[in-house]
Amino acid sequence: MSALPIIAVWLGAWGLNAWLSRFDTRATRLAVALIFGATILILWEMIVRIHAVPPVILPAPSRIGASVAQNTAILWTDFVQTILKGALTGWLIGALAAIATAIAIDRSPFLQRGLLPIGNFVAALPIVGIAPILVMWFGFDWQSKAAVVVVMVFFPILVNMVAGLAATDPMQRDLMATWAAPYRASLWKLRLPAAMPFLFNGLKITTTLALIGAIVAEFFGSPTRGMGFRISTAVGRLDLPLVWAEILVAAIAGSLFYGIVALIEKKVTFWHPSQRRQRG
Amino acid sequence: MTVIEACDVSLTFQTADGPVHALKDVSLTIAPGDFVSFIGPSGCGKTTFLRTIAALETPTGGTLAVNGMTPEAARKARAYGYVFQAPGLYPWRTIAGNISLPLEIMGFSRSDRAQRIARVLDLVDLTGFGSKYPWQLSGGMQQRASIARALAFDADILLMDEPFGALDEIVRDRLNEALLDLWKKTGKTIGFVTHSIPEAVYLSTRIVVMSPRPGRITRVIDSPLPRDRPLEIRDTPEFIALAQQVREGLREGHSYD
Amino acid sequence: MTVIEACDVSLTFQTADGPVHALKDVSLTIAPGDFVSFIGPSGCGKTTFLRTIAALETPTGGTLAVNGMTPEAARKARAYGYVFQAPGLYPWRTIAGNISLPLEIMGFSRSDRAQRIARVLDLVDLTGFGSKYPWQLSGGMQQRASIARALAFDADILLMDEPFGALDEIVRDRLNEALLDLWKKTGKTIGFVTHSIPEAVYLSTRIVVMSPRPGRITRVIDSPLPRDRPLEIRDTPEFIALAQQVREGLREGHSYD
Amino acid sequence: QELTLQLKWVTQAQFAGYYVAKDKGFYEEEGLDVTILPGGPDIAPTQVLAGGGADVVVEWMPAALAAREKGLPLVNIAQPFKSSGMMLTCLKESGITDPATDFKGKTLGVWFSGNEYPFLSWMSQLGLSTEGGPDGVTVLKQGFNVDPLLQKQAACISTMTYNEYGQVLDAGIAEDDLVTFKYEDQGVATLEDGLYVLDSTLQDETKVADLVKFVRASMKGWKYAEENPQEAAQIVLDNDETGAQTLDHQVRMMTEIAKLTAGSDGTLDEADYQRTVDTLMAGGSDPVISAAPEGAFSHVVTEQAVQ
Amino acid sequence: MTEASPTLAGRIMPVLTVLLAIVVIWYLAAVWMNAPWVRDQAARADAVLTTDDLVRQTLTLERPVLPAPHQVAAGLWDGITGQAITSKRSLVWHGWITLSATLAGFAIGTAAGILLAVGIVHNRAMDQSVMPWAVASQTVPILAIAPMVIVVMASAGVTGLLPKAIIAAWLSFFPVLVGMVKGLRTPDAMQLDLMHSWNASGSQRFWHLRLPNSLPYLFASLKVAIAAALVGTIVGELPAGATAGLGARLLSGSYYGQTVQIWAALFAAAILAAALVMLIGWIESLTLRRMGLAR
Ligand SMILES: Nc1ncnc2c1ncn2[C@@H]1O[C@H](COP(=O)(O)OP(=O)(O)OP(=O)(O)O)[C@@H](O)[C@H]1O
Ligand SMILES: Nc1ncnc2c1ncn2[C@@H]1O[C@H](COP(=O)(O)OP(=O)(O)OP(=O)(O)O)[C@@H](O)[C@H]1O
Ligand SMILES: Cc1ncc(C[n+]2csc(CCO)c2C)c(N)n1
Ligand SMILES: [Mg+2]
Ligand SMILES: [Mg+2]
């Protein structure tokens, strides 16, 4: 039975993790996540080897690793082009625009009621449809990728921010009323802080969206660098280890991006019940 | 001149299973410098009436004037400080930050703020807790912080909804004295909801007894006690008689009693 | 036999600016059928001690036994009912649904549940409010609903954290009587946090006076009053003497007094 | 006998021969049950073949040879397309008249995903860097359509005689406003649309027999399509599930395709093969393939099929 | 402080106003963006253009850079009503194909997301190991691996709706997971303590406290998830041989430069998504009202 060693490794790793997780220190938490990942990689390698999966279908992690080592220069260029120029700029512009819009329409229930349903509609426009159009409008380079990212992240953040601005509890609002707080004060001192947990929810979800957007947009036209470009080209050349190397970079970059935003969230919303162990 | 003038004020909440008459034909006049306590069984509309004065609810009937203006205009003029039944502190600000908040909004200078914060923290015996977050304090400490916040900016009218409910007798006595002191010195007008008959009698110049379903005023008792009230006044016969009067008024309202 | 046996219990919270000694070397023995009140200034650790008994906090020092087991085991055996300082009702359930919840969890039958809900609603005078949602009730009504919830499943130990804090005197008297009645009939062991000296004296067989920073027990006063206590007992000299004793104990703890 | 054919691109007259053979029952006559899988921009037929998703694929020879060098043993079993339809179409206003001198510093649109090889060979033969700069050309990864030319984002774009070129004309640009360079004329033509299978398939007698029937029926389909462009176009249209094609377009495509299939009975011309290999290996510093492939084609199937 | 819920007219008027504004801007943009092409064409033909001509031509181009609203509307109308719904030119037919895979993927994704969230909240080993990898999974560019998924599944004999549904599920499980983890963790400490004091079992805590508490979060996530599932399906339709479905429509429109067709397919997809989101919103308000949470 060729499946037997695979199952054995799985069970072994799971047991180890279950045991480790009981300690719940910073070190063990990291160890647990790493062991989980390592297990997946080992299982992957085992499956590929034991079942002799052709490398053009699924290369083994070891070959992907080798490809990463070989192609660092290419990977770096692509990272700069797609992640730093495309995804990050787009995400920043989209997030700032969404926050500004949320604040702008916050005072007007009329605009909110008019804009949000349409916002939901626009958010539902599939990226594969928008990307070619934006490439046509903004050209081939990273600007069009950033534009795609802006469109993708704008509405999720807007919707969260609007919900957040409304998410104060009645007594907190009443207090502001008793002080006759002018609009700006209640915005800065009450609604913005109260909106932070929601805003960060939106920001976190959109980190991954931004990456997907920037990469996918490159399928619809790009200069000869970028992760999406490399992936589609490498697939055509059956250089699957390079494809997976790019995917690996995307995954690491995305996790880092998410992690950084989550870290900032922790700092900013330290007071929120989901961030602290509070009492009754 | 009157500070608060309520004339046949009614307020009905529309709920899924029919209207709730929280206030019905409530009329009351409060003069400047009055200390008025509201007492009555749970659910009789005390909170609702205080909120109406503060323009946090809009009456569905009758007229209400605060400082000769509409409650709304008075609110805009920052005529009052309000202490809610629950502490309602902002979790993202420390205790000092919470007290500072209305001061910032009203544009007090930084040094003035620091001074006022120190003063009111001392008043409610929370000196040293300024840098703690609300969730690190006990229930009573949170309530005191919220009192401090309402006192910090020295409004002419103070509306307090069971401010001392979560406090022990000693602290309560202390804060009662402090409040009386403040009131005498500043001549503020105070609206005060309480469940404690001795507290109401000890503090007030007038005691308003309310009864529920529908919420209305059943008695208004003027206190013959002098403005200077040492704690010992609570053992005088006048005090005890007054308390008895309030207790009777209260009992009337309790239909089930 | 003892129900609760605390021996040198300590509890320290680690906060950003240093440790807070909420409890220090607290020793106490509670026998079956005791009615023990905890009284003390705000922040002295009453809530914390009650929570430790209920296995909601773990002491950082000392030993604690409930019904001869660890607090954790006692909790698992559903040894107690707990009323929190704030109502803590579930907003997505009606008042009746809230009371029903622990019953459902403990597997009471549908008809049994209905009967118990009706009984406790009546006990706290909320008959007719069963189908309302928590946010449709006043603060006091919510607190009564939460008391009803803790009473519904008839645990042998009742732990109550300022259950009557938000209630007016009349309702409070009524509920005090009802609680005493229940206690006499069922022989429950009751741990009761309060700020009111008369309430503590009226209800308890023992009064535990605590003082803060660090939280500790300063006095344990055994009540000489009989188990049968009409409301009028509060005017007897024994009662007043006892109250005075508690007040003194309390005053000792207030360093600033 | 069941057989699956993976196309290189979406359903269109480029593959008319196979659709005609299926619709006209030529496959059925041979006792074959053929499933035709349309391709798309993200389908690499070689990968589908390796994954076992198809028995035969339509692929361009550069991609096939490159895959072979990557260790995927593709073998050409038939070559219905005799000549190449690939060209570079430029706007006259860009001032390009001679590839050897005028491409410098210009932006050119190129298809990737395995279709970039002929272009890369051409550029290296011209001695032009594809990394941009004043002495090289800037390469754009061209999307699906001819917009880059219409929007003037590129001086030239890749087109096929039978498809994109027509689209440029349809868009309203006159032939006079365009300059075209056919790969065929530039001497860098490579073989397009051939039929490929895995080496292992050819080791199996019964499978070879099936392939023979398949190629025979397919070529019959191609010849029928050449002669009846109208009907062939209609058949393609009927098989197009996206409903996006128009008859006019497909008829024109069929007419142009017929020029490319003309003169092929399916047998691979070894001279054409050699030219393709030479072109690919002449890639200068970065050749598409580094060594002349061995056994990259086989006449086994066509020899029996044309009898 | 209770705000009366707006009337139907009060809800529709703002939308219409904003829509009107958008349409006006759109027309202006269409003229502006299509003008260079029209001018070029005129120059090539040596014709003189009046402003009137310019505007008219920019709004009626066959391959506009930005089609005018009425062109898209006509395309949509023709796609929806102009054909028998079984016709391959009918947007209804393509919409249905996309919808069925979307729903299947949404169901799989939601189930996976909820199960994972429950596992994460209740099992510490899962809490510490799954979440970082779930995040990583979302950063994998699916459009890149979609073809491989399709190929691999096809080689395993799985074709048709399922491969697309799996790609849709891949995209939709994440919002559900994030929302549910947050939602299942929102109960405040007192509510948890109460459950604790009753010694409620893990499953009782889940059903009576965590789940009801998480519902608002769940519904918010479901709305995101269903839109994500639709995107996933469309992405899955591209390499699946681009045969049928709105994704194939988009692609073939794109391939032949038929801008109007792209926009019509785009709008059809968005309308579908909006309808699905509204459906979930409706279920949400129904549920929350029954639970007494809608105030
Ligand atoms: N938002 C609301 N919707 C429906 N009914 C309400 C609402 N707010 C208050 N009520 C009802 O109005 C009545 C008066 O409530 P109110 O809060 O004023 O009582 P209260 O006198 O302050 O009681 P307590 O002493 O318990 O705080 C109660 O019966 C309550 O149920
Ligand atoms: N989670 C916590 N983190 C830090 N400090 C805490 C925490 N919980 C309680 N404390 C501190 O422990 C002390 C005791 O708190 P506790 O809630 O037991 O007081 P209490 O006697 O119940 O007061 P009150 O009568 O005001 O409710 C207080 O000083 C409080 O600030
Ligand atoms: C994104 C993309 N664009 C174009 C082609 C090239 N291509 C392969 S077959 C074929 C037929 C044309 O009618 C064309 C143009 C591709 N492979 N991928
Ligand atoms: Mg109240
Ligand atoms: Mg407490």
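For the options A150(B), P102(B), A79(B), G81(B), heavy-atom pairs under 4.5 Å to chain A are most numerous at P102(B). Between chain A and the residues F153(B), Y82(B), Y133(B), the most heavy-atom pairs under 4.5 angstrom are made by Y133(B).
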Extract all donor-acceptor atom pairs below 3.5 Å that involve side chains of residues 95-106 of chain A and protein atoms in other chains or at least two apart in sequence.
| unit_1 | atom_1 | unit_2 | atom_2 | d |
| --- | --- | --- | --- | --- |
| T101(A) | OG1 | A97(A) | O | 2.5 |
| D106(A) | OD2 | Y183(A) | OH | 3.1 |
| D106(A) | OD2 | R191(A) | NH1 | 3.4 |
| D106(A) | OD2 | R191(A) | NH2 | 2.5 |

Between side-chain atoms of residues 246-261 of chain A and protein atoms elsewhere (two or more places apart, or another chain), which donor-acceptor pairs fall under 3.5 Å?
| unit_1 | atom_1 | unit_2 | atom_2 | d |
| --- | --- | --- | --- | --- |
| S255(A) | OG | A251(A) | O | 2.8 |

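Neither the backbone nor the side chain of L159(B) has a heavy atom closer than 4.5 Å to any heavy atom of chain A.
Counted by atom type alone, E199(B) and T194(B) present one or more donor-acceptor pairs between their side chains at under 3.5 Å.
Counting heavy atoms from C-beta outward, T89(A) and W142(A) have side chains that approach closer than 4.5 Å. Contact of the L89(B) side chain with the S146(B) side chain is registered, since non-hydrogen atoms from C-beta on lie closer than 4.5 Å.
Tested against F84(B), the residues Q143(B), E162(B), M160(B), R51(B) include a single side chain to side chain contact (heavy atoms under 4.5 Å, CB included) partner, R51(B).
By a heavy-atom distance cut of under 4.5 Å, not one residue of residues 28-39 of chain B is near chain A.
For residues 81-97 of chain A, there are no salt bridge (Lys or Arg N to Asp or Glu O under 4.0 Å) pairs, not counting sequence neighbours.
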